Amino acid sequence: MRTLKKLLDRSPIDGFILAIVAAVVVAAFLPVRGAAGDVFEWVVIIAIGALFFLYGTRLHPREALEGLKHWRLHVTILAFTFVAFPIIGLALKPVVEPLIGSDLYAGLLFLCLVPSTVQSSIAFTSIAKGNIAGAIVSASASNILGVFLTPLLVVALMHNTGDGSIDATSILKIVAQILVPFVIGQLARPWVGPFFARHAKITKLADRSTIVLVVYVAFSEGVVNGIWSSVDAAQVIAVAVISLLLVLVMLVVTGWVPKKLGFDRADTIAIQFCGTKKSLATGLPMATVLFAGSTVGLIVLPLMIFHQIQLIICSWLATRYGREAEAVEATS
């Protein structure tokens with residue numbers, strides 16, 4: 001076990017991603033079906049509600065309000081997350097959809113609509129010696145706003161383009177499974193927030209377990225309904241290549257634009273790492289609510305691929321920035 005743990009610690013692939021891959025493999029060979037599938041669907045609904053309740057208890061609205069003093073930084077990051085990414089996602093449709101198919105393109109567009117990550121955005125900004133306080137506020141604000149903005153963007157962009165199936169029932173599900181638990185969590189935060197803060201490992205395990213469960217059920221439904229027969233290895237490789245190019249393009253843009261706008265090095269780093277991230281933890285449960293049906297497995301696949309690619313590249317980039325900053329400090 002110790003040897004396995006050492007190998008996982010040294011691996012460039014996060015253990016969470018390995019768990020998700022394992023869930024996909026298990027779903028391929030042992031999908032949940034029949035009456036058990038109905039039970040698992042209800043378990044997922046409850047788990048998603050609990051997950052967004054936890055998000056509500058963790059994210060302090062006051063942090064975002066206090067951070068508005070540096071409003072240019074936060075507006076820039078939110079513009080990349082909720083404006084630039086969606087525009088790029090829509091612009092890619094004529095070129096990308098014929099290559100990967102409509103369902104995978106819908107997943108690619110969806111990943112462009114989800115909020116930024118919190119933990120990895122802050123961690124990479126810290127490693128790179130950037131504006132940590134700015135990253136904390138912006139990443140938290142992105143997730144708070146994303147609970148409301150991502151469903152609205154899906155309704156506005158994916159419904160109108162025919163890439164999503166959103167109706168009154170879906171909107172009610174969004175409210176019941178995402179917004180209501182999140183708001184309850186915000187209201188309950190003064191009482192339960194300290195408890196969850198003291199048991200961060202347990203809540204982290206709950207987060208990740210819920211997402212792995214969502215992946216397993218979503219891919220199981222896809223296997224049972226035979227949707228994987230419509231996807232081949234070439235399409236998956238194409239999604240990986242497109243995701244890689246998307247990460248690289250956004251890293252270049254988020255590094256160049258802030259400099260032109262007059263931001264210093266620390267702010268530019270915060271913008272680059274917060275403005276290019278897309279949250280798997282928030283995106284997967286949202287997809288399950290927004291795209292209920294057999295195509296969920298295909299829709300979340302691009303986000304899963306993009307997430308792993310962004311972690312690997314940003315980990316390397318943050319380390320390089322950090323070494324450069326240390327070298328400058330050593331010579332000054």
Side-chain angles (χ1 to χ4, degrees), residues 13-28 31-32 40-56 58 81 85 89 103-104 106-121 139 142-143 146-147 149-151 153-154 158 163-166 170 173-174 177-179 181-182 203-223 227 236 239 243 277-311:
I13 303 177
D14 183 69
F16 178 40
I17 300 298
L18 292 177
I20 289 176
V21 172
V24 173
V25 173
V26 173
V32 61
F40 267 80
E41 284 184 9
W42 277 105
V43 171
V44 166
I45 289 172
I46 295 170
I48 289 173
L51 185 64
F52 278 90
F53 171 80
L54 287 176
Y55 289 161
R58 291 183 201 171
T81 302
F85 256 109
D103 288 332
L104 287 176
L108 188 69
L109 179 57
F110 175 70
L111 84 81
C112 292
L113 309 182
V114 302
S116 176
T117 61
V118 177
Q119 290 89 348
S120 63
S121 295
S142 176
N143 270 253
V147 173
L149 288 180
T150 296
L153 286 170
V154 169
M158 300 186 73
D163 297 313
S165 179
I166 307 297
S170 298
K173 287 182 178 179
I174 293 167
Q177 294 183 46
I178 295 178
L179 298 184
F182 180 81
T203 55
K204 183 178 180 180
L205 178 62
D207 277 1
R208 297 192 168 194
S209 299
T210 298
I211 293 164
V212 171
L213 175 64
V214 166
V215 171
Y216 173 67
V217 174
F219 276 77
S220 290
E221 190 170 4
V223 170
I227 63 170
V236 176
V239 170
S243 297
K277 294 289 180 303
K278 288 298 178 179
S279 176
L280 188 71
T282 304
L284 284 181
M286 281 188 173
T288 302
V289 177
L290 293 167
F291 306 101
S294 61
T295 60
V296 172
L298 290 180
I299 289 176
V300 300
L301 184 60
L303 178 58
M304 292 165 58
I305 294 173
F306 181 91
H307 185 267
Q308 182 57 38
I309 291 173
Q310 74 179 5
L311 288 180

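Just so you know, these numbers come straight off a predicted model, no measurement behind them.
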Compile the donor-acceptor pairs under 3.5 Å between side chains in residues 296-305 and protein atoms, sequence neighbours left out, one pair per line.
none

Euclidean distance, [Y] [atom2] relative to [X] [atom1], rounded to 0.5 Å:
{"X": "Ser243", "Y": "Gln310", "atom1": "OG", "atom2": "CD", "result": "9.5 Å"}
{"X": "Leu153", "Y": "Phe110", "atom1": "CG", "atom2": "CZ", "result": "10.5 Å"}
{"X": "Leu280", "Y": "Phe306", "atom1": "CG", "atom2": "CZ", "result": "11.0 Å"}
{"X": "Leu111", "Y": "His307", "atom1": "CG", "atom2": "NE2", "result": "11.5 Å"}

Sub-3.5 Å donor-acceptor pair from the side chain of [X] to the main-chain atoms of [Y], do we have one?
{"X": "Thr150", "Y": "Leu113", "value": "yes"}
{"X": "Ser142", "Y": "Ser116", "value": "yes"}
{"X": "Lys278", "Y": "Cys112", "value": "yes"}

Practice task
Mind checking side chain to side chain donor-acceptor pair (under 3.5 Å) for Thr282 and listing every partner two or more places apart, or none if nothing turns up?
Solution key: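 Thr282 satisfies side chain to side chain donor-acceptor pair (under 3.5 Å) with Asn143, Ser279 only.
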
Practice task
With sequence neighbours excluded, tell me which residues meet side chain to side chain donor-acceptor pair (under 3.5 Å) with Thr81.
Solution key: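 Testing Thr81 for side chain to side chain donor-acceptor pair (under 3.5 Å), a comparison that skips the adjacent residues, returns none.
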
Exercise for the section: Would you indicate whether the side-chain heavy atoms of Met286 and Val154 approach each other to under 4.5 Å? Expected result: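 Val154 does not reach Met286 side chain to side chain.
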
Problem - Within-4.5 Å side-chain heavy-atom neighbours: Leu213 and Phe40 - result: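 Leu213 reaches Phe40 side chain to side chain.
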
Problem - Ala106 versus Met158, closest heavy-atom pair with distance - result: O-CE, 3.2 Å

Practice task
Specify the closest pair of heavy atoms between Pro151 and Gly146, including all atoms of both residues, with the distance to one decimal.
Solution key: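 For Pro151 versus Gly146, the nearest heavy atoms are CD-O, 3.5 Å.
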
Practice task
Mind checking side-chain contact (heavy atoms from CB on, under 4.5 Å) for Ile45 and listing every partner two or more places apart, or none if nothing turns up?
Solution key: Trp42, Gln177

Practice task
Sequence neighbours left out, what passes ring-ring contact (aromatic ring centres under 6.0 Å, His included) with Tyr216? Give chain and number order.
Solution key: none

